[in-house]
**Q** 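The structure is given below, and queries will be raised subsequently.
In what follows, chains carry the letters A, B, and so on, assigned in the order in which the sequence lines appear, proteins first and then strands, with residues in each chain numbered from 1.
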Amino acid sequence: MDDQGFACAGIRPLSHGPAPQKQRWYRGKPIVSILLLAGIILGCLFCNAFIPKDPTYMDLFHYDEAPGREFLFGTDAMGRDIFSIVWYGGRLSLLIGFSATAISTAIAVVFGAVSGLAPRWLDAVLMRLTEILLSVPNLLIIILIQAILGKPNVLSISFAIGITSWTGIAKIVRTEVRQMRSSEYVLAARCMGGGFFHILWRHLMPNFISSIMFMVVMNVRNAIAAESTLSFMGIGLPWEVISWGSMLSLSEKALLSGSWWMILIPGLFLVVTLLCVTNIGNWLRKQTNCRQSNL
Amino acid sequence: MIRREFLYYGKKLLVFAASILVLSIVVFYVARLAPGDPLVSYYSDRVEKMSPEERAWAEEKLGLSDPIHVQYVRWLSGALHGDFGISFKYKADVLEVIRGRLVNTLLLGGTGVILIFGLALLLGILCAWFEDRWLDRIICKAGTIISCIPEFWLSLVAILIFAVWLRVLPSSGAYSAGKSHDIADRIIHLILPMSIVVVEHLWYYAYMIRNKILEEVRADYVLLAKSKGMSRRKIMFRHCLRNVMPSYLSIMAISVPHILGGTYIVETVFSYPGIGALSYESARYQDYHLLMLLCILTGAVVILCNLLAQVINERIDPRIRANEAAEMLEVKQIG
């Protein structure tokens, strides 16, 4: 049909506007955060290649020294070079962040799935239990777990943080599983004798993974923050095991002597990391369009 | 009708009591099963020099030698009569130990909650009013950054700036020595910890308000009110805000314990004599009776606030109850 025909039918011909702009691949992605985070992670992983001093060596002639040419970020009260230990210590902080998240996610997925698939009364009991767990201050649970597990190390701290931070994810998993539990493919898998973990892994997990992804990323952030808080308060890693938190645990002394670099520099590393992870998490949330939790 | 009301609140009360009971059992068992020597907190270093007989006598005297369930029943019957036992460390009735500090924590946490409640509302409305303009964007960015900063580090930086560099505010304690009744002195000591508590939590709630209002202003009734000729301000405050309030109230009720928990860390950094430092000590040094009372107290606040949120929701906004009923119906049909 020609233009005349369109005009008769009351449809205007397409006007030739400017061609749609080519979308840049990085639009809307948190590129700065990803780059910064990648930089920090790589720098921590391969810190041995570029740090000038041995991070555990205590230089008794140069303790409490302000940032200068020899000590880029200064030295702490034990005479350790802050530039070296900030990279070196990041390893443990990040490791704890990731392993604690792995633990909490595993607990949350299993617990949420059990609660979602269980009969209504059991579900109510389980949910009530999580509420009770939430009502004990996290700090107390962590102290108790630390007391049971003995001298704090990376594993015990990851465990303690992981075991106190799974409830949020578990609630989302439960809601999602509740919606899926009576769909045909789950019923079919059940009829064919699929076990709990088989159904969870093959059928349920692929469906809810995108809606918990954002929470998982946020859990990494919370775990890193929790580690630093615990170490700062003296229930996490001891000061001789270097992490961002244990570096900050010396800051009480630093306050007295006014050595700002001991407080600000490790803290800035910590905050930048947390900010990058948060930005990535927020982007993921928008991406999956998962409804923001109201709690 | 009155009967139904009675049943409704009776049920809530029952849930509350059951939760507290379960909580007390869990805490009691976990605390006793955790390794560590409770005698150390009572006799401090002298424990190491004790002979086995003396130890047995001391345990007998403190009631630690019986099986755990016997101890629990004894504790429970005492607690129901208002006797929560003595603190091993302070060697005084735990209620006495807690009393003075509870006031301090309530002063910090309670005022903090009220400030957060009001300021978050204001900030949220402000952001929603100027949606996507520069003011909104700046506040959003700043909020995201501040909410990322761990509480203890923010406190440290605040101490560094205001107490060490500028020397305008005190860095620790709740009052200067010998001035525990001087109100002005107390307020000066409260400024730093209070602002940390408020700043740290503010954005979370303000952002929630902002999003809820933005959802609300896209509803059809706003269009109707506008076509009637209502002013923007009137629509916002008369209609949108009113719809947002119930969920905000219930969320705030749930978040009270969260904010109180946040004061624990701030209390430790500022060495503010409150509940936080006390519960940390009691858990570390196996001061069982003190630990129990603190856990029950915080647990009671949490559960009470949760129930309060439920009641607010169900009373002010009955749709939530209707939804639940619908869900139940659905489940019944499927099952």
Side-chain angles (χ1 to χ4, degrees), chain A residues 119-120 128-129 131-150 178 181-182 221 224-226 228-229 232-235 244-245 248-249 251-252 254-260 263-264 266-268 270-279 282 292-295, chain B residues 15 18-20 22-23 26-27 30-31 33-36 144-145 147-154 156-157 159-160 163-165 171 207-208 211-212 247 250-251 254-255 257 260-261 264-265 268-269 276 279-280 282-284 286 291 294-295 298-303 306 327-328 331 334-335:
Chain A
R120 205 176 163 75
R128 185 60 60 186
L129 269 183
E131 240 171 57
I132 290 178
L133 191 68
L134 272 180
S135 71
V136 185
N138 272 355
L139 210 58
L140 290 190
I141 303 181
I142 289 176
I143 293 171
L144 287 177
I145 292 172
Q146 296 280 25
I148 295 171
L149 294 180
R178 267 215 168 266
R181 58 184 264 174
S182 35
R221 176 191 92 167
I224 294 177
S228 61
T229 308
F232 168 76
M233 295 184 71
I235 21 179
W244 289 335
L248 286 167
S249 67
S251 54
E252 303 264 297
L255 274 182
L256 290 180
S257 58
S259 333
W260 52 269
I263 299 172
L264 291 188
L268 275 182
L270 183 67
V271 169
V272 167
T273 310
L274 297 181
L275 193 60
C276 292
V277 176
T278 312
N279 274 339
N282 278 337
Q292 188 191 355
S293 159
N294 290 334
L295 294 178
Chain B
V15 168
S19 307
I20 294 285
V22 173
L23 176 68
V26 170
V27 175
V30 171
L33 294 177
T144 319
I145 292 174
S147 60
C148 271
I149 301 175
E151 227 161 6
F152 77 94
W153 192 67
L154 198 63
L156 283 177
V157 174
I159 294 180
L160 190 68
V164 178
W165 285 347
S171 67
Y207 191 62
M208 203 147 54
N211 288 350
K212 290 240 173 230
S247 50
S250 67
I251 286 165
I254 293 173
S255 67
L260 286 181
Y264 280 24
I265 291 162
T268 335
V269 181
S279 50
Y280 168 76
S282 67
R284 269 208 107 177
Q286 268 87 27
L291 178 65
L294 289 171
C295 278
T298 44
V301 171
V302 175
I303 297 168
N306 276 333
E327 194 190 299
M328 201 126 94
V331 170
I334 293 167

**Q** Taking the side chain as everything from C-beta on, heavy atoms only, tell me whether A/F232 gets closer than 4.5 Å to B/T268.
**A**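 A/F232 vs B/T268: side chains apart.
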**Q** With sequence neighbours excluded, tell me which residues meet side-chain contact (heavy atoms from CB on, under 4.5 Å) with A/T278.
**A**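 side-chain contact (heavy atoms from CB on, under 4.5 Å) list for A/T278, sorted by chain: A/M218, A/R221, A/N282, B/T144, B/C148.
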**Q** Is there a side-chain contact between A/L264 and B/V157 in this structure, where contact means two heavy atoms from C-beta onward sitting under 4.5 Å apart?
**A**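 Of all side-chain heavy-atom pairs linking B/V157 with A/L264, at least one is under 4.5 Å.
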**Q** I'd like to check A/T229 versus B/E151 (side-chain heavy atoms, cut-off strictly below 4.5 Å). Are they in contact?
**A**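 They are not in side-chain contact.
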**Q** To the nearest 0.5 angstrom, please state how far the CD1 atom of B/I149 sits from the CG atom of A/L274.
**A**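 Answer for the CD1-CG pair, B/I149 versus A/L274, is 9.5 Å.
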**Q** Please name all residues satisfying side-chain contact (heavy atoms from CB on, under 4.5 Å) with B/S19, sequence neighbours left out, ordered by chain then number.
**A**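 By the side-chain contact (heavy atoms from CB on, under 4.5 Å) rule, B/S19 matches A/R128, A/I132, B/V15, B/I303.
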**Q** Going by heavy atoms in the side chains, are A/S228 and B/F152 under 4.5 Å from each other?
**A**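 Touching, per the 4.5 Å side-chain cut-off.
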**Q** Which distance, rounded to the nearest 0.5 Å, do you find between the CG of B/L160 and the CD1 of A/I263?
**A**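 So the gap between those two atoms works out to 5.0 Å.
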**Q** Which bit of B/L291 is near chain A, if near means a heavy-atom gap under 4.5 Å: side chain, backbone, both or neither?
**A**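 Contact with chain A involves the side chain of B/L291 alone.
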